[in-house]
Amino acid sequence: SMSDVEETLKRISSHKGVQGIIIWDSTAIPIRSTMEGPITTQYAANLSQLASKARSIVRDLDPTNDLTFVRVRTKKNEIMIAPEKDFTLMVIQNPSQE
């Protein structure tokens with residue numbers, strides 16, 4: 001439900017170092033975000049492609065397997081992507097504040 005989503009967003013946002021959360025649907029359209037509009041669109045468009053590519057690689061290597069989580073560590077932050085059936089949850093955090 002939407003209230004569950006709001007509750008989850010609040011819970012994750014309260015973690016130290018969390019810089020942003022985006023949830024997008026199966027067509028990479030953002031449905032919830034704690035970030036500015038243009039940034040949300042840019043992150044969702046690019047990272048949905050990354051998650052999709054990662055999933056197809058996992059399935060190519062083993063058709064019985066599936067992607068559950070992607071973690072990208074950069075010099076500035078860490079991006080975590082958790083694809084679900086109908087949506088994808090993405091969290092950006094500053095790893096030095098974990």
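Keep in mind it's a predicted model, so treat the numbers as computed, not measured.
- No donor-acceptor pair under 3.5 Å is formed between the side chain of S26 and the backbone N or O of F87.
- At a threshold of 4.5 Å between non-hydrogen side-chain atoms, the residues T74 and E78 do not count as touching.
- The shortest distance between side-chain heavy atoms of Q93 and Q19 does not fall below 4.5 Å.
- Annotation for M90: hydrophobic cluster partners, listed by chain and number, are I22, W24, M35, I39, Y43, L47, L50, V58, L67, V70, V72, I79, I81, I92 (ILVMFWY side-chain heavy atoms under 4.5 Å, direct or chained).
- Shortest non-hydrogen contact noted between S13 and I21 is OG-CD1, 3.2 Å.
- Put simply, the side chain of I23 does not reach to within 4.5 Å of the side chain of P30, judged on heavy atoms.
- Partners of S33 according to the side chain to side chain donor-acceptor pair (under 3.5 Å) rule, which considers only residues two or more places apart in sequence or in another chain, are T40.
- Rounding to the nearest 0.5 angstrom, the gap separating the CG atom in N77 from the NZ atom in K75 is 13.0 Å.
- Rounding to the nearest 0.5 Å places CD1 of I31 at 9.0 Å from CG of D86.
- Annotation: salt bridge (charged side-chain N to carboxylate O under 4.0 Å, His left out) contacts of D66 (sequence neighbours excluded): R55, R59.
- Residues K76 and P95 share a closest heavy-atom pair of O-CD, 4.3 Å.
- Once rounded to the nearest 0.5 Å, the distance linking CZ of R32 with OG1 of T8 reads 11.5 Å.
- Side-chain atoms of S52 never come within 3.5 Å of backbone atoms of S48 as a donor-acceptor pair (strictly under, hydrogens ignored).
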task = For the pair V18 and N94, evaluate side-chain contact (heavy atoms from CB on, under 4.5 Å) and give the outcome as yes or no after the intermediate values.
result = CA-CA 6 Å; V18 170; N94 183 332; over 6 Å; no
